[in-house]
Amino acid sequence: MVMEFGDQKLVTVYLNALIGIFILLLTLESSPRLPAPKDVMVYSYNFRSSLRWSPVKVDRGLVLYTVHFKTGAFNQWDEMNCTRIAQTECSFPLSLKERRWTVVLRVRAELGQVTSDWVETDPFVAERNTTIGPPKVNSVIESSDSLLISVTPPFGSEAGDFLQYHVSYWENATSTTKKEIKMSSTLFEIGNLKELTLYCFRIQVELMTHSDLQLLGLQSVPKCHRTTISETTRAAYIILIFVLVSIFVILVTAGLFLLWRHHKTIKYWSQPPLEIPSHFEEYLKDPSMPVLEVLDNYAEDDPHDSVSVVFSGDGSQACGSSLDSQAHAHSVSGDSEVT
């Protein structure tokens with residue numbers, strides 16, 4: 001009887017434990033979960049990599065995030081110094097800087113004891129999946145027929161890396177005809193250019209590794225520089241300017257000399273032509289007109305004007321004598337009146 005009572009007590013304890021475990025499981029199954037992070041992706045630029053995701057929004061409380069990683073060689077999840085962080089980005093640690101490793105990452109959201117599901121990334125290999133930026137242009141030295149360009153690679157190279165620079169260039173800012181050269185040095189020259197001409201160029205890096213992988217980077221922003229003038233052309237311009245100035249001085253001097261030499265002729269031709277007054281012209285056409293009356297009228301109209309007598313044909317001498325006698329009489333009469 002004692003053994004039976006003990007067995008019953010043991011069974012009761014065992015049943016109570018099972019019921020507790022069942023209730024705990026029901027509680028865990030019915031407990032609310034956080035939404036999983038979205039837009040989870042690895043962002044890698046010039047072999048500097050990080051995991052990024054969109055924030056999980058809740059009504060209250062601060063959502064934290066935890067990130068794990070595993071490699072192709074060790075299929076075991078491990079922390080990467082991003083446990084319960086508030087940021088939505090986690091940079092790769094130094095242990096994951098190896099470019100040829102295959103890395104898988106996962107992230108989940110946490111709020112107190114409530115968590116979300118894990119979200120995993122696709123396998124990532126930096127040597128294949130990173131984005132290579134354009135090189136930095138340090139300096140451009142212009143000459144009459146070339147541009148000497150110095151650049152810095154966008155990242156530090158490793159053993160087995162081979163960088164090649166693809167340089168495309170074109171004449172002036174609107175031309176569509178482009179030429180391309182490939183250089184392996186960080187100091188290279190674009191040659192056979194026209195002098196005093198604007199040239200634009202863009203550069204992109206191509207990475208070639210020992211495993212025959214080729215990764216072409218982004219193109220740089222176009223940069224434009226104008227070639228200089230050569231010494232030969234400069235000397236030709238100086239000679240041309242000197243000749244033009246000399247010709248101008250000679251022409252100006254010759255013009256001034258001609259003006260001085262023929263100033264009387266120029267003055268004569270520049271004066272307006274002399275015209276016979278209309279009443280004298282009528283008298284010359286009809287000598288029977290009373291001259292004294294014409295002179296009186298003319299003197300009253302313009303006492304300061306001079307009289308010009310034109311001799312023409314027969315009877316001109318008589319006409320002139322008649323004009324002189326009548327003018328003399330008129331002058332004497334005028335003098336007597338004044339006296």
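Only heavy atoms go into these numbers, but all of them, side chains included; no hydrogens, no water, no symmetry mates. The residues of the chain are indexed from 1 along the displayed sequence.
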| Linking I/L/V/M/F/W/Y whenever any side-chain heavy atoms sit under 4.5 Å apart, do M41 and F124 land together? | no
| Side chain proximity check, C200 to N172, heavy atoms < 4.5 angstrom | no
| Close aromatic pair by centroid cut-off 6.0 Å: W53 and Y65 | yes
| Roughly how far, to the nearest 0.5 Å, is the CH2 atom of W170 from the OH atom of Y199? | 13.0 Å
| task | Decide whether L51 and I85 are clustered together by the hydrophobic rule: side chain heavy atoms of Ile, Leu, Val, Met, Phe, Trp, Tyr closer than 4.5 Å, transitively. | result | yes
| Same cluster for W118 and V103 if Ile/Leu/Val/Met/Phe/Trp/Tyr side chains link at under 4.5 Å? | no
Give the table of side-chain donor-acceptor pairs shorter than 3.5 Å for residues 217-226, with sequence neighbours excluded, one pair per line with atom names and distance.
from, atom 1, to, atom 2, distance (Å)
S220, OG, I203, N, 2.9
S220, OG, I203, O, 3.3
H225, ND1, E142, OE2, 2.9

| Within-4.5 Å side-chain heavy-atom neighbours: E120 and W77 | yes
| query | Would you find a donor on one side and an acceptor on the other, under 3.5 Å apart, between the side chain of T227 and the backbone of L196? | reply | yes
| query | So do V42 and F92 actually touch side chain to side chain, heavy atoms under 4.5 Å? | reply | yes
| field | Mutual orientation of the aromatic rings belonging to W260 and F257 [parallel < 30°, tilted 30-60°, perpendicular > 60°] | value | tilted
| query | T197 side chain to E195 main-chain N or O, any donor-acceptor pair under 3.5 Å? | reply | yes
| Sub-4.5 Å side-chain heavy-atom contact between Y165 and V151 | yes
| task | State which residue, out of R108, E110, R84, fulfils the side-chain hydrogen bond (donor to acceptor under 3.5 Å, both in side chains) condition with T66. | result | E110
| Under 3.5 Å: donor-acceptor pair, side chain of S143, backbone of S146 | yes
| note | Nearest heavy-atom contact between N129 and P123 is OD1-O, 4.2 Å
| Can you check whether H68 reaches M80 side chain to side chain, under 4.5 Å on heavy atoms? | no
| query | So, does N46 use its side chain to make a donor-acceptor pair with the main chain of G133 at under 3.5 Å? | reply | yes
| task | Using only heavy-atom distances, determine whether the side chains of S91 and S50 contain a donor-acceptor pair under 3.5 Å. | result | no
| What do you reckon, is NZ of K179 surrounded by more than 12 foreign heavy atoms closer than 6.0 Å? | no
| note | One should read off an interatomic distance between S168 OG and I190 CD1, to the nearest 0.5 angstrom, of 8.5 Å
| request: Report the distance from atom OG of S185 to atom CD of Q164, rounding to the nearest 0.5 Å. | output: 12.0 Å
| query | Are any of the side-chain nitrogens in D78 or K70 under 4.0 Å away from the carboxylate oxygens of its partner? | reply | no
| request: For atom CG of L259, decide whether the heavy atoms of other residues, nucleotides or ligands shown that lie under 6.0 angstrom number more than 12. | output: yes
| task | Starting from the C-alpha separation in whole Å, work towards a yes-or-no answer on side-chain contact (heavy atoms from CB on, under 4.5 Å) for Y169 and I181. | result | CA-CA 9 Å; Y169 64 98; I181 57 175; 4.2 Å; yes
| Any donor-acceptor pair under 3.5 Å linking the side chain of D161 with the backbone of E158? | yes
| From OG1 (T228) to CG (L193), nearest 0.5 Å | 10.5 Å
| request: Could you tell me whether the side chain of P37 reaches within less than 4.5 Å of the side chain of S116, counting heavy atoms only? | output: yes
| said: If you compare all heavy atoms of P134 against all heavy atoms of P154, which two are closest, and at what distance to 0.1 Å? | reply: O-CB, 3.8 Å
| query | Of all heavy-atom pairs between V67 and C90, which one has the smallest distance, and what is that distance? | reply | CG2-CB, 4.0 Å
| query | S139 versus S150: any side-chain heavy-atom pair under 4.5 Å? | reply | yes
| said: With a 3.5 Å distance limit and no angle check, can you tell me whether T71 reaches the backbone of T102 through a side-chain donor-acceptor pair? | reply: no
Check residues 240-250 and write down every donor-acceptor pair under 3.5 Å in which the side-chain atom is one partner and the other belongs to a residue at least two apart or another chain.
from, atom 1, to, atom 2, distance (Å)
S246, OG, F242, O, 2.8

| request: Side-chain contact test, heavy atoms from C-beta onward, threshold under 4.5 Å: evaluate it for E180 versus V167 and give yes or no. | output: no
| Taking everything shown except N138 itself, do over 12 heavy atoms lie less than 6.0 Å from its CG? | yes
| note | Rounding to 0.5 Å, atoms CG (L148) and CG (L187) come to a distance of 4.5 Å
| message | Could you go through E189 and L147, starting from their C-alpha distance and side-chain angles, then the distance that decides it, and tell me whether this counts as side-chain contact (heavy atoms from CB on, under 4.5 Å)? | response | CA-CA 6 Å; E189 182 182 67; L147 296 176; over 6 Å; no
| field | T209/L207 under side-chain contact (heavy atoms from CB on, under 4.5 Å): CA gap, chis, key distance, verdict | value | CA-CA 7 Å; T209 64; L207 172 64; 4.0 Å; yes
| task | Look at the side-chain heavy atoms of Ile, Leu, Val, Met, Phe, Trp and Tyr, link any pair under 4.5 Å apart, and say whether L198 and I149 land in one connected group. | result | no
| Only one of R202, Q204, M183 forms a side-chain contact (heavy atoms from CB on, under 4.5 Å) with H166, so which one is it? | Q204
| query | Cluster question for you: counting only ILVMFWY and a side-chain heavy-atom cut-off of under 4.5 Å, with indirect links fine, are L215 and L163 together? | reply | yes
| query | Looking at F47, does the NZ or CZ of R99 lie under 6.0 angstrom from its six-membered ring centre and within 45 degrees of the ring axis? | reply | yes
| query | Are any side-chain N or O atoms of T121 and backbone N or O atoms of L105, one a donor and one an acceptor, separated by less than 3.5 Å? | reply | yes
| message | Let's go through Y43 and T131 carefully: what are the C-alpha distance in whole Å and the side-chain angles of both, what is the deciding distance for side-chain contact (heavy atoms from CB on, under 4.5 Å) to 0.1 Å, and is it a yes or a no? | response | CA-CA 9 Å; Y43 177 82; T131 300; over 6 Å; no
| note | Rounded to the nearest 0.5 angstrom, the CH2-CZ distance for W101 and F74 is 8.0 Å
